[in-house]
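Step one of this worksheet: look at the structure below.
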Amino acid sequence: AANKYEQRQSDPRGNSYGEYRNMKQDKLDQQLSSAKQSELFKDLLIMLNGRLEPSASYLRQLIGQHGGQVVFQYTSGVTHMICQNLSASKFNIFSKRKIPIMYPKWVLMCVEQQKLIDTNDFIIQEIAEKLDIQQQTQISPIFQISQLNQSQFLEQQKQTEEEKQVLQLIESTQTTALVSSVLQPLNISQLSQLSPLSGTSPQAFYNVNRQVPQPQENTVQRYHESSRLHQLTQFKLNAQEFLIKNPPYGPKPTDTARPLFIHIDIDCFFCQASFLKLPTSKQQQLHGYPLAVSSNIKNASNSTADISSCNYTARRLGVHNGMWVSQAVQKCPNLQLLEYDFDFYNKLSLQFYDILRQFSSDIMPISCDEAYLKLSGIYTQQEDIKIIKQKIYSQLQLSTTIGLGENLIQARIATKLAKPNGFMFLNKEVFQQVIKDKQVDFLPQIGFKITEELKNMNIFTVEDLQNADIKLLRENFGEVKGQNLLNEANGVDFLLFQPIQNLLKQKSLQVSKNFNVRISQISVFKQLVFELLQELNQRSTDRQLKLNKLSITVNVAAANNKQFMKKMGCGVCNQVRSTIFIHKKCDQCVEELVDSVVNKIKMEDVRGVDVMGFVGEVKNIVQSKELGQNAQKKVEFWEKLQQQSQNTAEKQEIISCDDYFDALQQIDDQDVANALRKVFSAQCLCRGNLEEAFKLGIDGVEDMFEDKWRWL
DNA sequence: ATCGTGTGGTAGC
DNA sequence: ATCGCTACCACACGAT
């Protein structure tokens with residue numbers, strides 16, 4: 001990315017963008033030098049970690065003013081680490097490298113006294129002590145794994161150099177808490193303290209000039225930090241990203257061999273992970289108890305908090321995931337509640353995938369703790385496959401279950417039957433035997449609604465479903481769904497195995513808050529929508545997704561809303577949605593969009609809001625109203641682009657600015673070209689990418705940019 | 001018929 | 001009090 005700017009500047013197409021850009025950069029540089037107060041921290045690269053008091057952004061500014069560089073992730077060359085709380089594992093990395101770890105106070109004292117104070121005085125003692133405890137901890141698992149071969153165990157403990165590097169990478173992956181401290185809006189002087197690389201990127205540039213109204217409080221971000229479902233979805237995306245960056249390197253399955261897949265799942269993942277986080281004494285104390293993870297609640301007997309994960313002891317006593325804590329303790333008075341530790345879950349999840357990488361080159365991630373691996377022709381003995389379990393257990397102390405099958409559905413069901421800490425092989429015959437007496441909702445993709453519908457058709461067990469009339473199924477559930485239902489009941493594959501390397505670009509992005517939303521005034525509603533949109537904007541930028549369509553969905557209390565409602569939940573709602581295609585200035589679009597939903601609802605009925613962005617596909621962009629009267633040309637343009645695309649994945653992606661530019665050169669019709677230019681340019685602007693917008697060179701881009709960015 | 005948009009269902013802990 | 005998110009699929013339906 002650092003060189004991108006250079007390349008653009010010397011772009012042979014030659015445009016005035018570079019000059020304009022330089023002018024802005026000079027302004028920034030001036031501000032930077034005027035802010036500089038000393039060279040106290042010269043040559044130091046200081047890492048800020050986690051929540052800090054004073055805030056990370058303040059410290060960044062201060063360190064910058066005194067000549068130092070700041071990073072938020074570990075990179076080589078880091079000389080100091082500033083933090084208040086630190087995980088033992090992170091502490092390990094820093095202490096091994098003899099990098100001093102200090103409280104923020106150190107920075108303040110150095111500045112005050114204008115000298116670098118001896119770091120020894122500020123090294124965090126508590127952390128060192130905590131680490132000692134951690135090292136002594138004998139991890140006692142929730143499940144006992146069958147005897148591991150001792151020498152094999154020791155062999156596995158040895159880390160290769162490559163493994164170490166990957167572990168560091170996992171370690172440096174931003175945690176949620178860290179991200180949120182990084183995402184605070186920057187002011188100009190803060191921005192100038194960024195490393196040169198990001199200081200010249202279009203995004204940073206755009207941050208300076210956009211006068212984004214400051215949210216009163218980031219309710220959305222704070223909410224997400226403790227929402228398990230939010231975290232769960234992010235973990236999955238993190239795992240995908242991890243596998244893309246660190247591709248599986250295990251043996252390649254052969255096409256000629258008999259197809260063979262495993263489905264692997266960490267048993268009650270959150271529960272095991274939270275248990276591991278407890279001190280040894282507590283673990284011993286809780287040994288054998290029913291356990292469950294939920295939000296920290298004071299009054300369990302009244303709580304409508306969800307049980308997010310519970311161990312198998314609790315399950316035998318009638319507790320299940322998603323149950324309210326009050327219901328759970330009624331059934332199971334001994335239930336012991338554990339706290340969430342999302343950062344730890346995320347880390348374990350990436351380590352889990354890092355271990356899987358070595359067992360097959362074809363991995364299909366399903367969630368943060370669950371994946372399919374294609375093993376055709378790789379292993380001949382089931383014992384060889386159990387090594388995966390052993391390795392995960394020896395490295396992470398997590399028990400898993402593996403299902404082996406000739407297709408995905410068989411493997412999936414095998415896991416479900418073998419849980420916890422199990423291993424099972426299912427082929428067609430065994431599948432039929434074990435499945436026929438199960439209720440239909442035992443099968444994947446059959447949830448509450450479909451179970452209800454099947455009941456109406458007098459279908460209760462899988463065997464009923466196997467014998468059901470395919471015509472009737474198709475009529476009631478549609479062609480595909482009907483066929484799929486029958487297929488999965490018979491153990492016939494209906495899911496396509498898609499290894500990570502086939503992963504297509506994300507198609508949509510959604511940010512929701514449907515909890516604790518009670519609104520009295522329009523202004524409060526707008527504030528919430530604004531925050532959600534800001535988050536959407538941030539995520540689409542982070543993931544480099546280009547959105548061309550927005551929609552807002554409001555959950556509105558239905559007539560029976562209050563019945564059986566979770567406290568602070570949204571209850572039964574009707575959805576009201578408005579959608580808009582972004583074809584002009586984003587703030588105008590959003591204003592229209594918000595107004596259109598506001599007109600459809602009563603504020604006091606609002607129980608939740610979703611904002612959704614659709615990743616721009618060329619075919620959607622070409623739909624723009626600006627091009628309405630040029631239908632014929634649109635189609636030609638679209639077809640031309642289709643021909644240029646080499647494969648499906650490419651076709652799915654929006655073409656880059658360079659591609660727009662090239663494509664526009666090829667269009668004979670000036671009206672169409674101009675209209676397209678306008679649309680694309682506006683979209684670039686909406687994404688805050690001035691560089692691209694400018695390159696497309698329509699009149700008034702600068703005006704549009706200087707115009708205050710105000711959504712509401 | 002064929003297109004695009006809106007709706008509803010499911011999954012993970 | 002308590003953190004009911006989010007991506008994706010398939011289909012119904014209306015427009016052409």
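Proteins get letters first, then strands, A, B, ... in listed order; numbering begins at 1 in each.
- Rounded to whole Å, the distance from CG on N238(A) to P on dC13(B) is 16 Å.
- Within the nucleic acid shown, I450(A) comes within 4.0 Å of sugar-phosphate atoms alone, with no base atom in reach, counting heavy atoms only.
- Between the side chains of Q501(A) and D362(A), at least one donor N or O lies within less than 3.5 Å of an accepting N or O.
- End-to-end axis angle for the helix from dA1(B)-dT16(C) to dG12(B)-dC5(C), using five pairs per end and rounding to 10°, comes out at 10°.
- In this model, the phosphate group of dA11(B) is not approached by any side-chain N or O of R412(A) to a distance below 4.0 Å at OP1 or OP2.
- Side chains of N476(A) and K481(A): no donor on one and acceptor on the other come within 3.5 Å.
- Among the heavy atoms of the strands lying under 4.0 Å from D369(A) are primed sugar atoms or P, OP1, OP2 only; no base atom is included.
- Side-chain contact, Q483(A) with N487(A): a donor N or O sits under 3.5 Å from an acceptor N or O.
- Summarising the geometry, the separation between CZ on F614(A) and P on dG4(B) is reported as 14 Å, rounded to the nearest angstrom.
- Under the ring pair (Phe, Tyr, Trp, His ring centres under 6.0 Å) criterion, F494(A) pairs with no residue at all, not counting sequence neighbours.
- For F352(A), there are no ring pair (Phe, Tyr, Trp, His ring centres under 6.0 Å) partners two or more places apart in sequence or in a different chain.
- Looking at heavy-atom distances under 4.0 Å, S303(A) makes contact with sugar-phosphate atoms alone, never a base.
- Distance, L337(A) CG to dT2(C) C1': 13 Å, rounded to whole Å.
- Glycosidic conformation of dT2(C): syn, with the torsion inside 90° of 0.
- The salt bridge (charged side-chain N to carboxylate O under 4.0 Å, His left out) check on K282(A) picks up nothing, with sequence neighbours excluded.
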Open item on the list: Within the 4.0 Å limit for protein heavy atoms, which parts of nucleotides 4-12 of chain C are touched? Write it as a string from 5' to 3', B for base, S for sugar-phosphate only, - for none.
Closed with: BBBBSSSS-

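- The residue I307(A) sits apart from the nucleic acid: no heavy atom pair falls under 4.0 Å.
- The interatomic distance linking R607(A) (CZ) with dC3(C) (C1') rounds to 17 Å, in whole Å.
- Note: CG (N476(A)) to C1' (dG8(B)) measures 16 Å, nearest angstrom.
- A salt bridge links K455(A) with E452(A); the closest basic N to acidic carboxylate O contact falls under 4.0 Å.
- A salt bridge is defined here as a Lys NZ or Arg NE, NH1 or NH2 lying under 4.0 Å from an Asp or Glu carboxylate O, and R539(A) with D542(A) fails to meet this definition.
- Between F235(A) and F342(A), the ring planes lie tilted relative to each other; the angle falls in the 30° to 60° range.
- When the P atom of dG9(B) is taken as reference, atom CG of D441(A) falls 16 Å away, rounded to whole Å.
- Picking from dC3(C), dG6(B), dG12(B) the nucleotide with the shortest atom distance to the side chain of T579(A) gives dG6(B).
- Rounded to an integer number of Å, the gap from E225(A) CD to dC3(C) C1' is 11 Å.
- Atom CG of N555(A) is separated from atom C1' of dT7(B) by 13 Å (rounded to the nearest Å).
- Residue F448(A) is in sugar-phosphate contact alone, with no base atom involved, counting any heavy-atom pair closer than 4.0 Å across all strands shown.
- Under the rule for a side-chain contact (heavy atoms from CB on, under 4.5 Å), the partners of L229(A) that lie at least two apart in sequence or sit in another chain are S227(A), L232(A).
- Distance noted for atom C1' between dT2(C) and dA11(B): 23 Å (whole Å).
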